[in-house]
Asks: 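Just passing along the structure, written as structure tokens.
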Amino acid sequence: MINYDYSAIEKKWQKIWDDNDTFAAKNDYSLPKFYGLVEFPYPSGQGLHVGHPRSYTAIDIVCRKKRLQGYNVLYPMGWDAFGLPTENFAIKNHIHPSIVTENNIANFKRQLKSLGFSFDWNREVNTTDPSYYKWTQWIFLQLFKKGLAYKSQMAVNWCTSCKCVLANEEVVNGVCERCGSEVVQKEKSQWMLKITDYAEKLLDGLEDVDFIERVKTQQRNWIGRSYGTQVTFSTNIGDTFEIFTTRADTLFGATYMVMSPEHPLLEKWADKIENYDEVLAYKVEAAKKSDFERTELSKDKSGVKLSGVTAINPVNNTEIPIFISDYVLISYGTGAIMAVPAHDTRDWDFAKKFGLPIIEVVKGGEDVQKAAYTDCNDGVLVNSDFLNGLSVEDAKKKIQEWLCEKGLGFVKTNYKLRDWVFSRQRYWGEPIPMVYCEKCGYVPLDESELPLMLPNVDSYEPTDNGESPLAKITDWVNTTCPHCHGPAKRETDTMPQWAGSSWYFLRYCDPHNDKELASKEALEYWSPIDWYNGGMEHTTLHLLYSRFWHKFLYDIGVVPTAEPYAKRTSHGMILGENGEKMSKSRGNVVNPDEIIDNYGADTMRVYEMFIGDFEKAAPWSQSSIKGSKRFLDKVWGLFDIISDGEGYRKELETEFHRTIKKVTEDIEGLKMNTAIAALMSLYNTIQATGKITRDEFKTFIILLNPFAPHITEELWTMAGFDGMLNETKWPTYDEAKCIDATVEIVVQINGKIRARLNVDANISAPDAIALAKSEEAIVAEISGKNIVKELYVPKKLVNIVVK
RNA sequence: GCGAGUGUGCUGGAAUAGGCAGACAGGCACGUUUGAGGGGCGUGUGUCCAUGACGUACGAGUUCAAGUCUCGUCACUCGCACCA
């Protein structure tokens, strides 16, 4: 028996695949295609950890199977290489970020190749390559031309450690998503992308795609559509203001109003508000609090009542007080609300604290003086004049009609989604191709000027004054206006990391094109991505952003499909052995290099797929991996028991057909663990017979090939089969042959098992029951008893109910 | 607080148009192989008062039959979090 030298075998096949471009996608657009995609990594200095390959292996398996099934497969890989860690490392070690990136990529690439993924390396992309970011900048210019990129002075999230602005999506629990430092609000002029214009399309598009439900739900929540009414309230000083409500039916229960402390009308009313000092003081206090603190303190409501200015409820002309309170957000709706304490917990809390009246307008709950009755869709309107007696639903319609008629309101849809803050005050990102001219304002660079290269500098430390490091390079900053040719300055902020990753999957279709981001033909052929797997953490970041860009590109005729991804799945994390998230600080990181050295890439792949439910987090186990190695050792041993004989042996035929079916279907359903289990079972059956026919061996190693590509190629060659395994056909199964001729059924008396029988699989119900009743053990059970019911579940059981 | 999901041996996990719970692995125990190793092979491994009974977080229910369906409780995970 030849030794299973996984190291030599894996290196050998990786070289053969490399030398022959075995897995290069073909440019023959007449073939059926399959585009499988995994999120391209950020090439960090730490290198790959064992979490990365879980996703890559799963889709690699799908792609390898699809190739054997005759598809022209595109399975590409690239580098999302702009970003802060590289820049920080570069600053610390005085190495240029581009060199750091190059080194990291080389290491990542070596690691990925050592795992035997069937990536098409000819299509590798790198977001920091000017020939790539030329098109990132080009897309930005298109967004600008369509009015979807604009500059705005506003309060933004500022990470105190990165010294950089963050998008709302990048702030998690009030801290920076990347570094965990405190995020404060800072007034700054920023480039913004109008993702809100696409809120509707981003929501509706979810109906047409095959994304796992969690992803859809999360995106829906993030976009946060709500249907309601915008209502105009007048005031005692003549001015009017608007509020948004989803519960216009409760208008008669509005006993006070609340404005956000940042509401612009407050300034306008400065001389009318008698306690304006107090208002200003409150505003300053609110501004000091971070988002996190505002949330934390949510239970304890605070606020200031405006004196001198009151509101008038349009439905009954009642004069009601106006408060300012930080529980109303300036960024949502109109920044002002009507408060209905009887039917909203927040308003109720506030009303209790400030001693405001609570008027019940929907009957059906408990005493509204004791708690707000919010879940009141079944209630009936009371204390509401012309709405009395109506259901909530009818009352909403009626009041909306009434408001519309009087010109006091209109139906409105609101979204939680906000525009995307697109500027970053850092060096290592795509320069924004805009020029500021005193005369012409912001002027886009001409497309012929692209790419606008990131200038080489000696110092790229972030600054405390909120300016990009690029601002210091005066000879780069100072330029001429593309419009009037007068003196002008370049935009010095760069794009966020999410820019390059928002369209990379398009570039893979035609990565070397220097005329367009990708040719029409290539995009027509490869779009949409058939299967995209990635992390849940990107659901409201990369996944949402890239859908937005794609929809925009679709609208301007650049891409052929409205949605980029036909199918989206998500993998669970690989945790450390102690069940905690792998991290350097916890000291529980497992390096794939080490696993490959000790067990081989095939074992690593099989283990990561066998570890458990693909969608769930799973702890790494150093001892469990041995099981996968043992399995491959045993498979290797099959070579020694290959014997003569054609086809599948009679006694194994059913199991072979069933296993082919199971593995084929499980791969499509990402149930890699049960596919491997089925192969292990099949092995156990074969092993018990002491031999394997050539045809059986062939089928077995083809089925195992997507999981363990190196060992199976080697065995294929050793067995002398034609060509290479990756050029063969995926085995097929016959549904009819998946069923045994005879099956064991159980016989139950009152649901308790009392006997087992071997019967013909197609036995009729009466025959099965008769047979069961003739069984010795059953006769004893039923004699002298009254049979109430008899039933036969085909291929499963007979149950006799007696009294 | 809201939303989504999960709960099965010592461990990872199988089993859903309701039909033999614990597949397949890991671990452990015992045996074996006189190549002492992170080796191979074999056997066993849910619980108990053991010809049988009980058992899928807990408590009820529907059913001939429930891990699977219904109601309630508890625990955990993830997401959102004053979104009017």
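Throughout, a chain's letter reflects where its sequence line sits, starting with A, and its residues are numbered from 1.
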Asks: Can you check the distance between B:G5 and B:G59, where both ends of the measurement are the C1' atom (answer in whole Å)?
Replies: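 Per the computed distance, 22 Å lies between those C1' atoms.
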Asks: Rounded to whole angstrom, note down the C1' distance from B:U6 over to B:C20.
Replies: 26 Å
Asks: Quickly work out the A:R225 CZ to B:A84 P distance and round it to whole Å.
Replies: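 Rounding to the nearest Å, CZ of A:R225 and P of B:A84 are 13 Å apart.
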Asks: So with a 6.0 Å cut-off around NZ of A:K671, is the heavy-atom count from everything else above 12?
Replies: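 Atom NZ in A:K671 is not crowded, with 12 or fewer foreign heavy atoms closer than 6.0 Å.
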Asks: Taking the same atom, P, in B:C30 and in B:C49, what whole-Å distance lies between them?
Replies: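 It comes out at 23 Å once rounded to the nearest Å.
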Asks: Could you tell me how far apart A:I749 (CD1) and B:A65 (C1') are, to the nearest whole angstrom?
Replies: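 Atom-to-atom, A:I749 to B:A65, this comes out as 13 Å.
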Asks: Touch check for A:Y607, heavy atoms < 4.0 angstrom, all strands: base, sugar-phosphate only, or nothing?
Replies: nothing
Asks: Hey, which of these two, A:K616 or A:T334, hits RNA chain B nearer its 5' end, going by closest nucleotide?
Replies: A:K616
Asks: Please tell me which of the listed nucleotides, B:C80, B:G38, B:C82, lies nearest to the side chain of A:Q622?
Replies: B:G38
Asks: Is any side-chain heavy atom of A:K396 closer than 4.5 Å to a side-chain heavy atom of A:V392?
Replies: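 Yes. Closest side-chain heavy atoms under 4.5 Å.
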Asks: Which value, in whole Å, describes the distance between the C1' atoms of nucleotides B:G55 and B:A66?
Replies: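 The answer is 13 Å between these two C1' atoms.
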Asks: Please work out which of the three classes, parallel, tilted or perpendicular, describes the rings of A:F350 and A:Y327, given edges at 30° and 60°.
Replies: tilted
Asks: Could you say whether A:R247 or A:T540 is positioned toward the 5' end of RNA chain B, judged by the nucleotide with the nearest heavy atom to each?
Replies: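 Result: A:T540.
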Asks: Specify the closest pair of heavy atoms between A:Y415 and A:A199, including all atoms of both residues, with the distance to one decimal.
Replies: CD2-CB, 3.6 Å
Asks: Determine, for nucleotides 16-32 of chain B in 5'-to-3' order, which nucleotides have protein heavy atoms under 4.0 Å from the base (write B), from only the sugar-phosphate (write S), or from neither (write -).
Replies: ---BB--BBSSS-----
Asks: Only one of A:T255, A:V258, A:L356 clears side-chain contact (heavy atoms from CB on, under 4.5 Å) with A:P321; which?
Replies: A:L356
Asks: State whether a side-chain donor-acceptor pair under 3.5 Å links A:S764 with A:Y792.
Replies: no
Asks: Taking atom P in both B:G9 and B:U47, compute the distance separating them and give it to the nearest angstrom.
Replies: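 These two P atoms come out 12 Å apart once rounded.
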Asks: Between C1' on B:A84 and CZ on A:F233, what's the gap in Å once rounded to a whole number?
Replies: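 From A:F233 CZ to B:A84 C1': 12 Å.
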Asks: Looking only at the side chain of A:T245 (C-beta and beyond, no hydrogens), which of the listed nucleotides B:C80, B:A14, B:A84 gets closest?
Replies: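 Ranking B:C80, B:A14, B:A84 by closest atom to the A:T245 side chain puts B:A84 first.
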Asks: Considering only atom C1', compute the distance from B:G22 to B:G46 and round it to an integer number of Å.
Replies: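 About 8 Å, rounded to a whole number of Å.
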Asks: Out of B:C82, B:A84, B:G38, which has the shortest distance to the side chain of A:K301?
Replies: B:C82
Asks: Rounded to whole angstrom units, what separation is found between the CG atom of A:D344 and the C1' atom of B:G1?
Replies: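 That distance rounds to 12 Å.
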Asks: Measure from the side-chain heavy atoms of A:T246 and tell me the nearest of B:C80, B:C82, B:A84.
Replies: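 Of the options given, the side chain of A:T246 lies nearest B:A84.
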Asks: Looking only at side-chain N and O atoms, does A:S226 offer a donor or acceptor that is under 3.5 Å from a partner on A:N414?
Replies: no
Asks: Check every atom of B:G79, B:A84, B:U6 against the side chain of A:F244 and return the nucleotide holding the closest atom.
Replies: B:A84
Asks: Rounded to the nearest angstrom, tell me the gap between atom CD in A:E213 and atom P in B:A4.
Replies: 11 Å
Asks: Counting side-chain heavy atoms from CB outward, which of B:G3, B:A84, B:A81 is closest to A:L329?
Replies: B:A84
Asks: Taking atom C1' of B:G39 as reference, at what distance in whole Å does atom CG of A:N3 sit?
Replies: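 My rounded result for the distance is 12 Å.
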Asks: Have A:E655 and A:T685 got a donor and an acceptor in their side chains that come within less than 3.5 Å?
Replies: yes
Asks: Pull up the glycosidic torsion of B:G9 and say syn or anti, syn being anything within 90° of 0.
Replies: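 Syn, angle within 90° of zero.
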Asks: Which whole number of Å gives the distance between the P atom of B:G7 and that of B:A14?
Replies: 9 Å
Asks: So, does A:Y332 get its side chain near the phosphate of B:A84, meaning an N or O under 4.0 Å from OP1 or OP2?
Replies: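 Checking B:A84 against A:Y332, a side-chain N or O does come within under 4.0 Å of OP1 or OP2.
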Asks: Starting at the 5' end of RNA chain B, write a dot or bracket for each base, bracketing those in Watson-Crick or G-U wobble pairs whose two distances are under 3.5 Å and using | for partners on another strand.
Replies: (((((((..(((......[....)))(((((((.....)))))))(((...)))..(((((..]....))))))))))))....
Asks: Can you see whether A:R547 engages A:Y545 through a side-chain donor-acceptor pair at a distance of less than 3.5 angstrom?
Replies: no
Asks: Checking A:E39 against A:H538: is there a side-chain donor and acceptor pair closer than 3.5 Å?
Replies: yes
Asks: Nearest-Å distance, CG (A:D666) to C1' (B:G13)?
Replies: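 Roughly 14 Å, once rounded to whole Å.
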Asks: Could you tell me how far apart A:N221 (CG) and B:C80 (P) are, to the nearest whole angstrom?
Replies: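 Nearest whole value for this atom pair: 9 Å.
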Asks: When you compare B:G67 with B:G19, how far apart are their P atoms, in angstrom units rounded to a whole number?
Replies: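 9 Å, rounded to whole Å.
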Asks: Regarding A:T334 and A:E242, is there a side-chain donor-to-acceptor distance under 3.5 Å anywhere?
Replies: no
